[in-house]
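What follows is a set of notes on a single structure, which appears directly below.
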Amino acid sequence: MAEEKEQDLQSIMGLIVNGGNAKSSAFEAINAAKTGDFDTATAKLKEADHFLVEAHNAQTDMLTAEADGEHAKVTLLTVHSQDHIMNAITFRDLAGEIVDLYKRLAE
């Protein structure tokens, strides 16, 4: 039971940490684009995408376990992790649009 709880916590923290890292990288991309450093902006967006893939993998593991009949106890931390990743995805999408806008303004 303790091992199962630890595994759930690891998955939840994977969402929170990778979501936070993705959002930070996306924010760094916007800041780089603001100064005209589009190579860094592009690299930071790719970095954000990498973190989102990691978060998605953790989320997929949780969903697979649920589909296999291993019903997870929904806690505030679980809800927070899902909220965190959804906000990171939204922020990454918006950051990509903002970087593109800065590129157009620089042309």
Side-chain angles (χ1 to χ4, degrees):
M1 183 73 162
E3 185 178 321
E4 183 179 310
K5 195 171 186 178
E6 178 66 26
Q7 189 174 13
D8 288 346
L9 184 59
Q10 290 292 336
S11 295
I12 290 167
M13 293 310 293
L15 290 176
I16 293 170
V17 169
N18 285 300
N21 288 342
K23 188 175 176 186
S24 293
S25 294
F27 200 88
E28 290 174 14
I30 293 170
N31 284 331
K34 197 183 292 188
T35 65
D37 185 356
F38 299 112
D39 289 337
T40 298
T42 299
K44 288 297 181 177
L45 289 175
K46 286 181 182 178
E47 186 176 86
D49 290 340
H50 167 76
F51 288 123
L52 288 175
V53 166
E54 291 298 315
H56 176 73
N57 290 341
Q59 189 176 45
T60 299
D61 290 345
M62 294 169 73
L63 291 170
T64 301
E66 183 78 20
D68 288 342
E70 299 173 30
H71 302 292
K73 180 179 178 185
V74 178
T75 65
L76 183 57
L77 193 58
T78 308
V79 172
H80 175 69
S81 71
Q82 294 297 317
D83 183 52
H84 212 63
I85 191 61
M86 292 308 299
N87 280 318
I89 291 168
T90 302
F91 195 86
R92 164 49 184 99
D93 290 345
L94 184 58
E97 294 298 319
I98 293 171
V99 168
D100 287 346
L101 181 59
Y102 276 118
K103 283 180 185 176
R104 288 184 71 188
L105 290 172
E107 292 174 355

Subject >> Test side chain to side chain contact (heavy atoms under 4.5 Å, CB included) applied to His80 - qualifying residues, sequence neighbours left out >> reply: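 Ile16, His84.
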**OP:** Can you run down the side-chain hydrogen bond (donor to acceptor under 3.5 Å, both in side chains) pairs that involve residues 9-21, sequence neighbours left out, and say none if there aren't any?
**Re:**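 Checked against side-chain hydrogen bond (donor to acceptor under 3.5 Å, both in side chains) - neighbours excluded - the pairs reaching residues 9-21 are Glu6-Gln10.
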Subject >> Pairs touching residues 10-29 that satisfy salt bridge (charged side-chain N to carboxylate O under 4.0 Å, His left out), sequence neighbours left out >> reply: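 Sorted pair list: Glu28-Lys44.
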Anything under 3.5 Å between a donor and an acceptor, one on a side chain of residues 60-67, the other on a protein residue two or more places apart or in another chain? List them.
from: Thr60; atom 1: OG1; to: His56; atom 2: O; distance (Å): 2.9
from: Thr60; atom 1: OG1; to: His56; atom 2: NE2; distance (Å): 3.4
from: Thr64; atom 1: OG1; to: Thr60; atom 2: O; distance (Å): 2.8
from: Glu66; atom 1: OE1; to: Ala72; atom 2: N; distance (Å): 3.2
from: Glu66; atom 1: OE2; to: His71; atom 2: ND1; distance (Å): 2.8

Original post:
What closest approach, in Å, do Ala32 and Ala41 show between heavy atoms, and which atom pair accounts for it?
Top reply: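 The pair with the smallest heavy-atom distance is CB-N, 3.7 Å.
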Subject >> Exercise: identify the closest heavy-atom pair between Ala48 and Ala26 >> reply: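 Looks like CB-N, 4.0 Å.
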Original post:
In this structure, are over 12 heavy atoms from other groups packed under 6.0 Å from Phe38 atom CZ?
Top reply: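 Yes - once you tally the heavy atoms of other residues, nucleotides and ligands closer than 6.0 Å, there are more than 12.
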Original post:
So if you build clusters from Ile, Leu, Val, Met, Phe, Trp, Tyr with side-chain heavy-atom gaps below 4.5 Å, do Met13 and Leu15 land together?
Top reply: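 Same cluster.
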Subject >> With Asp49 via salt bridge (Lys or Arg N to Asp or Glu O under 4.0 Å) - residues at least two apart >> reply: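 Asp49: salt bridge (Lys or Arg N to Asp or Glu O under 4.0 Å) contacts with Arg92.
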Original post:
Which is it for Leu94 and Ile30 under the side chain to side chain contact (heavy atoms under 4.5 Å, CB included) test, yes or no, and what are the steps along the way?
Top reply: CA-CA 10 Å; Leu94 184 58; Ile30 293 170; over 6 Å; no
Donor-acceptor contacts, no H, no angles, side chain residues 95-107, under 3.5 Å, sequence neighbours left out:
none

**OP:** List the steps, then state whether side chain to side chain donor-acceptor pair (under 3.5 Å) holds for Thr75 with Thr78.
**Re:** CA-CA 5 Å; Thr75 65; Thr78 308; 3.0 Å; yes
